[in-house]
Protein chains: 2
Amino acid sequence: MFSDTPAIGKSNAALHPAAAKRVSIKDIARLARVSHSTVSRALRESPLVNPETAEKIRRIASDRGFRASAVARSLATNRTNTIGVVVTSIDDPFVAEVVKGIEDEAILHDYSVFLANCHADPEREMKVVHSFEDRRVDGIVVTASRVGALYAPVLERMHIPIVLLNNQHPSQFAHSILIDNFEGSRQAVAHLVSLGHRRIAYIGDRFGHGSDSERFSGYRAALDEADILFQPDLVVHGDGKAEGGRHAMEKLLATRPHCTAVFCYNDMTAIGAYKTIRAHGLTVPRHLSLVGFDDLPLGLYMDPPLTTVRQPKQDMGRMAMQALLKLIAGTGAEQNLRVAGELMIRQSTAAPLEHASQENQTCHYSSAPKPGRRRK
Amino acid sequence: MFSDTPAIGKSNAALHPAAAKRVSIKDIARLARVSHSTVSRALRESPLVNPETAEKIRRIASDRGFRASAVARSLATNRTNTIGVVVTSIDDPFVAEVVKGIEDEAILHDYSVFLANCHADPEREMKVVHSFEDRRVDGIVVTASRVGALYAPVLERMHIPIVLLNNQHPSQFAHSILIDNFEGSRQAVAHLVSLGHRRIAYIGDRFGHGSDSERFSGYRAALDEADILFQPDLVVHGDGKAEGGRHAMEKLLATRPHCTAVFCYNDMTAIGAYKTIRAHGLTVPRHLSLVGFDDLPLGLYMDPPLTTVRQPKQDMGRMAMQALLKLIAGTGAEQNLRVAGELMIRQSTAAPLEHASQENQTCHYSSAPKPGRRRK
DNA sequence: ACTGGCTTTGAACACGTGTGCATAAAAATG
DNA sequence: CATTTTTATGCACACGTGTTCAAAGCCAGT
């Protein structure tokens with residue numbers, strides 16, 4: 001009541017005129033002639049404070065551009081309103097879309113997201129997870145292809161809610177969001193069957209890697225439903241990337257009789273297949289139908305645009321965040337959420353060439369132009 | 001000295017056996033029979049503490065899985081070791097690579113990064129920037145196409161170091177990293193000239209948008225150097241995206257005589273051009289050479305792979321982070337950093353068809369463009 | 001006027017860590 | 001051994017906010 005000069009709280013406040021001391025809640029309190037408690041309440045819209053003084057306080061705070069420190073608040077409340085997102089690499093288009101969904105949902109609930117790449121490097125994974133622990137994030141989303149079995153115990157010890165997205169090993173201590181690989185690929189292959197294809201190949205990921213086995217099962221199921229005999233030589237493996245798709249496609253083109261359609265583990269694999277197919281002077285979908293999985297933006301710009309199974313990546317990101325929010329709130333969230341893919345039929349799939357021509361001259365394109373020849 | 005039972009500090013610690021209270025620095029202190037100050041020093045490798053006790057403390061801390069709270073530390077030190085990154089949308093492949101570079105460099109220096117999409121929405125921009133301010137980030141990187149002139153004053157008031165990346169209006173209160181648009185496009189067009197092209201078109205961004213004018217200048221310069229008369233009707237505008245590229249290319253194909261090469265504002269524009277070109281039954285680079293800008297991964301998978309000017313996106317991200325670190329440290333950083341692009345010659349560019357086939361070749365000069373006329 | 005309840009406020013403490021300063025213990029120096 | 005220097009440690013406070021608790025002020029009802 002007796003302090004009429006609101007100017008200086010710290011005696012040396014004027015020492016560094018450049019590094020203007022940030023205005024704190026106490027400064028606002030002094031200006032409004034109330035205690036900092038009241039200011040705190042006013043700004044948090046507590047009903048415990050007189051509407052008039054609350055309004056006055058808010059005006060002063062706004063005038064001075066005061067913004068309460070989230071770090072101090074976090075220390076007091078033991079909540080940071082912050083989550084951590086671990087990804088293999090943000091420049092993976094799949095991951096990027098997921099993260100977008102997460103962040104969009106997060107900001108809606110006044111959460112901020114820490115982003116960290118781990119590059120599938122165990123050491124880096126540890127560092128990242130520890131940094132999240134240090135920062136006391138309220139939750140974590142992991143969008144790595146595999147949850148490091150290495151650092152699983154670390155995660156467990158932390159007692160921080162965790163949601164895994166499309167993770168290889170949904171573990172017991174974490175919740176997870178998963179695309180329905182089986183049903184997605186079953187539909188994809190069924191689509192090929194409905195077009196009239198009987199010799200349908202599958203280019204997988206590295207064996208047993210990722211969701212390869214589930215997608216393979218879907219492939220098998222679709223064949224069974226159509227009473228098509230499964231032929232082991234129509235299954236080859238790539239690496240989930242374009243390069244692997246290229247090589248795998250080479251292998252397929254080397255086996256006789258040719259397949260008329262190829263279902264690829266994912267879009268990148270299909271992209272690689274395109275390249276090999278073109279190099280052999282063949283065209284999609286005339287000679288060969290192609291289906292991918294993921295629905296990367298990339299597929300839209302292929303020639304022709306790629307038929308694929310769409311993963312609702314952004315939605316999945318949002319769902320992950322929502323699950324996390326439930327876990328944080330203590331409301332039970334579903335342990336494992338399966339989300340449905342959607343078959344996007346574009347121009348890379350069509351009916352196979354006439355059966356007649358296929359019978360006698362399966363080699364009509366076997367005299368391929370020298371693949372090695374390249375215009376410089 | 002007399003407390004022999006290290007179990008309980010808080011009397012009600014056992015009330016919530018599930019919500020195990022986090023172990024704090026004081027718990028470690030009690031276990032090691034020292035003050036929390038000593039623990040703090042030991043863990044921060046201060047030379048002020050006896051090596052043996054330090055070792056002992058570290059062992060205990062490690063055993064209990066103790067990790068010092070970054071939020072408490074931030075409150076004490078007034079530094080969060082945290083930066084905020086504002087992007088238009090993380091699912092833009094350009095942005096994603098930049099962010100990857102930023103994060104990689106950040107984690108190297110024990111910084112964590114907050115990621116926030118603003119979707120080029122002013123309201124969202126404000127919300128994002130405020131959240132960063134609340135969280136007391138040590139610095140901010142903005143990778144939006146434009147720095148909202150709206151919130152510039154807000155940024156200024158915050159007194160937080162800011163680095164702009166490829167931003168439209170490098171402003172005076174912030175530092176910036178910029179690609180050398182002029183030199184990049186000059187080289188790209190010079191490359192086309194060196195292949196023998198004389199009728200070279202330019203598909204720009206929306207007029208005056210982004211770096212359009214700088215890239216256009218480079219185009220003009222290359223023409224001038226080759227003594228090629230600038231022809232206004234060879235300049236059309238897209239929207240920086242595939243759709244715009246498609247339409248722009250349609251316009252170009254409608255004008256006679258045809259151009260033999262097209263320099264596009266960016267890769268996405270070129271992607272759109274591909275589509276139109278194919279739709280007209282023409283092939284790249286046989287009928288038309290195509291050059292882009294950015295070097296998105298996408299371009300590699302085009303048929304044929306796209307010649308383009310590479311922006312070292314990841315490096316630029318790292319540079320932005322390094323500049324920020326310097327600013328935070330108080331060491332002066334360069335105000336404006338220009339980084340060089342690199343021409344990536346791939347298969348979308350080749351020599352034009354023989355002049356013979358271009359019967360009325362004389363008309364590129366004869367239809368004299370009005371001399372004094374200037375676009376704009 | 002007294003009681004009791006309601007509204008509004010401030011004092012005090014907590015959150016977990018870093019650090020200046022004083023001091024105790026140990027070592028070095030005379 | 002006495003003194004000074006060095007080393008190691010603890011105390012106390014600061015950082016900025018939230019929150020419990022007590023209390024003051026006000027009002028209505030008797």
Side-chain angles (χ1 to χ4, degrees), chain A residues 1-3 9-13 19 21-57 61 64-82 133-136 138, chain B residues 1-3 9-13 19 21-57 61 64 66-81 133-136 138:
Chain A
M1 296 314 174
F2 41 85
S3 143
K10 308 279 298 179
S11 52
N12 58 354
K21 201 78 180 59
R22 269 205 85 93
V23 30
S24 90
I25 201 176
K26 288 181 190 167
D27 300 320
I28 303 300
R30 200 174 328 109
L31 261 45
R33 282 151 151 56
V34 293
S35 74
H36 81 275
S37 315
T38 303
V39 175
S40 173
R41 286 190 270 253
L43 297 181
R44 319 204 88 232
E45 318 256 328
S46 160
L48 292 182
V49 54
N50 182 307
E52 295 173 31
T53 51
E55 182 48 40
K56 173 180 162 197
I57 290 174
R64 305 288 165 141
F66 169 74
R67 302 229 107 219
S69 161
V71 5
R73 173 181 305 139
S74 298
L75 185 58
T77 61
N78 202 27
R79 298 252 296 32
T80 56
N81 263 39
T82 276
E133 185 183 8
D134 292 352
R135 301 201 179 278
R136 302 295 190 261
D138 294 336
Chain B
M1 292 310 186
F2 43 87
S3 144
K10 307 280 297 179
S11 51
N12 58 353
K21 200 81 179 61
R22 270 205 84 94
V23 29
S24 89
I25 202 175
K26 289 182 189 166
D27 300 319
I28 304 300
R30 199 174 328 108
L31 261 44
R33 285 151 148 54
V34 293
S35 74
H36 81 275
S37 315
T38 304
V39 176
S40 171
R41 286 190 270 253
L43 296 181
R44 318 205 88 231
E45 318 256 327
S46 159
L48 292 182
V49 56
N50 182 308
E52 296 173 32
T53 51
E55 182 50 38
K56 173 179 159 198
I57 290 174
R64 305 286 165 145
F66 169 75
R67 303 228 106 219
S69 161
V71 4
R73 173 181 304 135
S74 296
L75 185 57
T77 61
N78 202 26
R79 299 255 288 40
T80 56
N81 263 38
E133 185 183 8
D134 292 351
R135 302 201 179 278
R136 301 296 190 262
D138 294 337

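Below, chain A is the first sequence line, B the second, and so on; all start at residue 1.
- Side-chain atoms of A:R44 lie closest to D:dT19 of the nucleotides D:dT19, D:dT9, C:dT19.
- When the side-chain nitrogen and oxygen atoms of A:T77 are compared with OP1 and OP2 of C:dC15, none of them lie within a distance under 4.0 Å.
- In this entry the distance linking NZ of B:K26 with P of D:dC11 reads 12 Å, nearest Å.
- Each of A:V23 and B:T53 was assigned the nucleotide of DNA chain D with the nearest heavy atom; the assignment lying further toward the 5' end belongs to B:T53.
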### Task
Determine, step by step, whether A:R64 and A:D27 satisfy the side chain to side chain contact (heavy atoms under 4.5 Å, CB included) criterion, reporting the C-alpha distance in whole Å, the side-chain angles of both residues, the deciding distance to 0.1 Å, and the verdict.
CA-CA 10 Å; A:R64 305 288 165 141; A:D27 300 320; over 6 Å; no
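- Between the side chain of B:H36 and the base of C:dG18, a donor-acceptor pair under 3.5 Å is found.
- Residues B:I25 and B:S40 meet the side-chain proximity criterion, which asks for heavy atoms closer than 4.5 Å.
- The number of heavy-atom neighbours closer than 6.0 Å to CZ of A:R79, taken from other residues, nucleotides and ligands shown, is above 12.
- Between B:T53 atom OG1 and B:R41 atom CZ the span is 10.5 Å, to the nearest 0.5 Å.
- Side-chain N or O atoms of A:D134 include none that pairs as donor or acceptor with a backbone N or O of B:A70 at under 3.5 Å.
- In this structure, B:R135 and A:R67 have side chains that are not in contact, with every pair of non-hydrogen atoms separated by 4.5 Å or more.
- The residue A:V71 sits apart from the nucleic acid: no heavy atom pair falls under 4.0 Å.
- In this structure, CG of B:N78 is placed 7 Å from P of D:dG16, rounded to the nearest angstrom.
- Side chain of A:S40, nearest nucleotide from D:dA8, C:dT8, D:dG18: D:dG18.
- For A:S69 and D:dG16, the shortest distance from a side-chain N or O to OP1 or OP2 is not below 4.0 Å.
- Residue-level contact check: A:V34 touches the backbone only, with heavy atoms under 4.0 Å from sugar-phosphate atoms and none from bases.
- Separating the CZ atom of B:R135 from the P atom of D:dC15 is a distance of 22 Å, rounded to the nearest angstrom.
- For B:S24, no side-chain nitrogen or oxygen approaches OP1 or OP2 of C:dG16 to under 4.0 Å.
- For B:S35, taking side-chain heavy atoms from C-beta onward, the closest of the listed nucleotides D:dG18, C:dT17, D:dG10 is D:dG10.
- Picking from C:dG16, C:dT8, D:dG18 the nucleotide with the shortest atom distance to the side chain of A:L48 gives C:dT8.
- Atom CG in B:D134 sits roughly 10 Å away from atom P in D:dT17 (whole-Å rounding).
- Between B:R41 atom CZ and D:dA8 atom C1' there is a gap of 8 Å when expressed in whole angstrom units.
- Atom CD in B:E52 sits roughly 9 Å away from atom P in D:dT9 (whole-Å rounding).
- Among the atoms of the strands shown, none is found under 4.0 Å from any heavy atom of B:S74.
- To the nearest angstrom, C1' of C:dC15 lies 12 Å from CZ of A:R136.
- The distance from atom CZ of B:R79 to atom P of C:dT19 is 11 Å, rounded to the nearest whole Å.
- Residue-to-nucleotide contacts include a donor-acceptor pair under 3.5 Å from the side chain of B:S37 to the base of D:dC11.
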